[in-house]
Structures are given as structure tokens and as C-alpha cells.
Amino acid sequence: MSDSEKPAAPPAVEEKKTSTAEVDLTKYKTAAEIVNNVTKKLIELCVEGAKVIDICVEGDKLLEQGTGTVYNKPIKGIKISKGVAFPTCVSVNNTVSHFSPLASDPQSSQVLAKDDVVKLHLGAHIDGFAAVSAETLVVGASAENPVTGRRADVIKAAWTAAEIAMRTVKVGNKNWAVTEAVGKVTTAWDCKPVEGMLSCQQTQNVIDGKKRIILNPSETQKRDFEAATFAEGEVYGVDILVSSGEDGKARVEESRTTLYQRDSTVTYQLKMKTSRTVLSEVQKKAGAFPFNIRTLEDEKRARMGLQEAVQHSLVKPYDVVYTPASTFVAAFHFTIALLPGGPSMITLPPIWYKPELVKTEKELEDEELKALLARNLRESKKSKKKKAAKEGVEAGDDANEA
């Protein structure tokens, strides 16, 4: 080759671009891994004599630490937001949800006792893509000393209802299909979904989107609740809450609300300077996600400022609600994505729950629901092809008959 001749340039290798949807899904799943790791540690802390407030504080600290170790490189000079998407709540026995006391609250001295039914509920987000999870455990239970009686019934009912819901939240189905299926499942264990509990569509920086699922609706809710159809590309946070009580009704009692969330769709010019200062701190620290008053600088000032913000719907409270004293509530919350290839779980399976830990004499008898449970969450390519071929043959037969 002469000096004047240049070697041919190697063929350009096309870079495979990662789609935005794939990037978003990775963020969701990274948040889910963090939530899973924190939940494992919190389950270890749920022992007889442990203080509920200590578990809540530790959970939030671990969520911040976990999200602090990932996605630290700015994208186009912009820092990626991340942190707590749902503050750690530890709700015991007949407490339905949202229990995360402050040190100044009378109930901050609550400790766990043997056989307590404990619901852990927490979430993390990366760049506004949130993974929220909840699961139920019983203090002191083991394979040698399994959970029995109504505690076992309500946990088994809630987990089976969650498994049915995972298979019912699918493209083309309606939200009412989930409401009905969950209601049907829980009756097998003489339990009821907690009345009026909501599950919502999620998008970036939104965990309470427009499309929703309701559990055990009242007559008014049945009439007013909007029907919705699940579509490809959507993400849902599904909250299954089941009571051992006969009607699933819950009410607010003496607990003080500590969890709130900014509603970005509402605008109002607050009158009090304290309220404006508190709202500004909320936006800086929590953004669009729920927060615990504990994270704000001055608790007394925060309570005063939030009062006006709640009054004008700029901030919504997450009240602590209870079912009757003799009942138990079990909860499982999962985050699921409706992908082109089928539904995909974002959050991981429960850590504590195993069939050998929960012994109940009742079982699911509805054949249709049992068949649904036996199905994989996502159809394999082979069974999809089989189904398509079968439908093709049936269509051909119909044409011949015509």
C-alpha cells in the first residue's frame, strides 16, 4: 500500500439506543431492590419488645441511605432526584395503615408483642419512578409455631387476593374486575377487603394517578367511582388490605396524623407566613411524594402551617384508620408494570410470608379463581402461539360452516 492510500475505515457500529421506557423501568426496579433490602432489615427488627417508632425511623433512614448510593451522576448537568416515596409505616393488628408516630405523640411508646399482626409499608423512588411495597408478618411466628386462627385466615386471604389482583390487572381488563375478584377471594376465609381503600396508577412523580381501583366500595362509591380500562405501558401500585371483621369498615380514632402529601394540582395563596414557609420546605424535601412531619425542621411550626394548607387542599392528610378492636388487618402492596410482553412485577415477592408459617383450615374453592391462580403472571411465547393457532383454527371452522 502506497503512502497516499488510506486504509478503509471500519464499518460504523450502530449503537443500540436504550428506549426511554427501558430506562424508566430500570429506575423503578432499582427503587424496588432498595425497598426490598430495607424491608428485610425491618423484618429482623420486628421482635417482641421492639418500639414501633424506632422501626419507622430506621426504615426511613435506610431508604435515604439506599437511594443515596445510586444514580449520583448528573444527567446533562441535572442532578437526579431520589429518596423516600412512601415513609415507613408500621401498623399493628386492627390499625389499617399510615401509623408512623412522632416522638411527641402519646402512642410513640407502643411496642410490639408476641403474635402481633404487623404491616410494614414503605417506598423509594429514583427520578420520580416509585416502587412502593407492603407486607404482613406475625411477631414470634415460625414453622414450629405457625400462625393459626383468625390471624392466619386474614393473612392467607390478603396474600391470595394479592395474587389474584396481579393476574387481573392486565391490558384490556377493567378496574371493577379487580374489585370483584378481591371481594370474592376474601369471602373464602370469612374476611372482607377494607372499605373504600384505593390503588392507583403511577407515572413519574405521581403515585396517586387518575385511574384507580377501589376495594369493598360503599353504595355511594359504587355509584360515583369512575370505571377505567388498563392499558399497555401503565404502572399501578396495588394495595390489598383485608380485615377479619364482617364488613371491612374502618374509622379514624385517637391517633394523630403524621403523613401528608402535597397536591400539585391545587393552587392557593396561603395567608400565614408560617404556612408558606412549611409548604416551601415540604416541596424542597418531599416534592410530590408523601412525607412524615418528622422530616420537617420544626414539628410545632409544621403542624400549624399544615393546618391551613390542608384546609385549602394544598396538602392531603393520610389519616390513621382502624377496624374494630377484636379484628386483624393484613396488607400486601405491590407495584406492577403492564409491558408489551405482558404484566411485570416491579416490586419483589414478600419476604416473610411462606405457606408453612400460616396454617388455616379454610381454602379457596372457587374453580375459576383457582384456575387463575395456577396461571403464570405472564404467558410464555409458546402458549401465546398455541392460543393464536387455536383461535385461527376456530375462525377457519366458523368460515367453513358459514
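We use all heavy atoms of the structure for the numbers below, so side chains are in, but hydrogens, waters and symmetry mates are not. Along the sequence shown, residues are numbered consecutively beginning with 1.
Checked options L120, N292, D60; the residue passing with T88 is D60 (criterion: side-chain contact (heavy atoms from CB on, under 4.5 Å)).
Annotation: K271, atom NZ; neighbour count of heavy atoms from other residues, nucleotides and ligands within 6.0 Å is above 12. Residue Q307 places its CD atom among 12 or fewer non-hydrogen atoms of other residues, nucleotides or ligands, all under 6.0 Å distant. In the displayed structure, E361 atom CD is contacted under 6.0 Å by at most 12 heavy atoms of other residues, nucleotides or ligands. Counting heavy-atom neighbours within 6.0 Å of E246 CD, excluding the residue itself, gives a total of 12 or less. Applying the 6.0 Å contact sphere to CD of E254 captures more than 12 heavy atoms from other residues, nucleotides or ligands. Applying the 6.0 Å contact sphere to NZ of K354 captures more than 12 heavy atoms from other residues, nucleotides or ligands.
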- Message: Using ring-ring contact (aromatic ring centres under 6.0 Å, His included), reason through F129 and Y71 one step at a time and then give a plain yes or no.
- Response: CA-CA 13 Å; F129 297 100; Y71 285 87; 9.8 Å; no
- Message: Would S199 and H333 count as a side chain to side chain contact (heavy atoms under 4.5 Å, CB included) here? Give the steps.
- Response: CA-CA 9 Å; S199 298; H333 185 121; over 6 Å; no
- Given I155 and Y353, is the side chain to side chain contact (heavy atoms under 4.5 Å, CB included) satisfied, shown in steps? CA-CA 9 Å; I155 294 170; Y353 180 87; 3.8 Å; yes
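Inspection of the S255 and Y322 side chains reveals an N or O donor paired with an N or O acceptor under 3.5 Å. Residues Q261 and Y318 bring a donor and an acceptor atom of their side chains to less than 3.5 Å of each other. Looking at E195 and Q221, their side chains never bring a donor and an acceptor atom within 3.5 Å of each other. A donor-acceptor contact closer than 3.5 angstrom is absent between the side chains of N94 and T327.
Inter-residue side-chain proximity for T95 and V329 is flagged as unmet; no heavy-atom pair is nearer than 4.5 Å. A heavy-atom distance below 4.5 Å is not found between the side chains of T186 and N216. For the pair Q65/I34, no side-chain contact is recorded, criterion being any heavy-atom separation below 4.5 Å from C-beta on. Within the 4.5 Å cutoff, side-chain heavy atoms of D366 are placed close to those of E368. At least one side-chain heavy atom of C191 sits under 4.5 Å from a side-chain heavy atom of R150. E135 places none of its side-chain heavy atoms less than 4.5 Å from the side chain of F334. Here the side chains of D319 and H98 are not in contact, with every heavy-atom distance at 4.5 Å or above. Contact of the D153 side chain with the K362 side chain is registered, since non-hydrogen atoms from C-beta on lie closer than 4.5 Å.
Considering all non-hydrogen atoms of both residues, A152 and K359 come closest at CB-O, 3.4 Å. Contact record, R294 with C56: NH2-CB, 4.0 Å, taken as the closest heavy-atom pair. Shortest non-hydrogen contact noted between I207 and C200 is O-CB, 3.5 Å.
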Without placing hydrogens or testing angles, list every side-chain donor-acceptor pair under 3.5 Å for residues 226-237, not counting sequence neighbours.
residue: T229; atom: OG1; partner: K174; partner atom: NZ; Å: 3.1
residue: E234; atom: OE1; partner: A231; partner atom: N; Å: 2.9
residue: E234; atom: OE1; partner: Y236; partner atom: OH; Å: 2.7
residue: E234; atom: OE2; partner: K211; partner atom: NZ; Å: 2.6

Listing, residues 36-47 side-chain donor-acceptor contacts under 3.5 Å, not counting sequence neighbours, or none:
residue: N37; atom: ND2; partner: E33; partner atom: O; Å: 3.3
residue: T39; atom: OG1; partner: V35; partner atom: O; Å: 2.7

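For E281 and K285, the salt-bridge test passes: some basic side-chain N is under 4.0 Å from an acidic carboxylate O. With respect to the salt-bridge test (charged N to carboxylate O, under 4.0 angstrom), the residues K222 and E219 qualify. Salt-bridge check for K370 with E367: passed, with a basic side-chain N closer than 4.0 Å to an acidic carboxylate O.
Residues satisfying the side-chain contact (heavy atoms from CB on, under 4.5 Å) criterion with L372, sequence neighbours excluded, are I164, R167, T168, R375.
In this structure, R251 contributes its side chain and T323 its backbone to no donor-acceptor pair below 3.5 Å. The main-chain N or O of A32 is never found under 3.5 Å from a side-chain atom of T347 such that the two would form a donor-acceptor pair.
If you take OG1 on T360 and NZ on K156, they are separated by 7.0 Å, rounding to the nearest 0.5 Å. Atom CD in E144 sits 10.0 Å away from atom CD in E356 (nearest 0.5 Å). Separation of atoms CZ (R301) and NZ (K273) is listed at 9.5 Å; rounding is to 0.5 Å.
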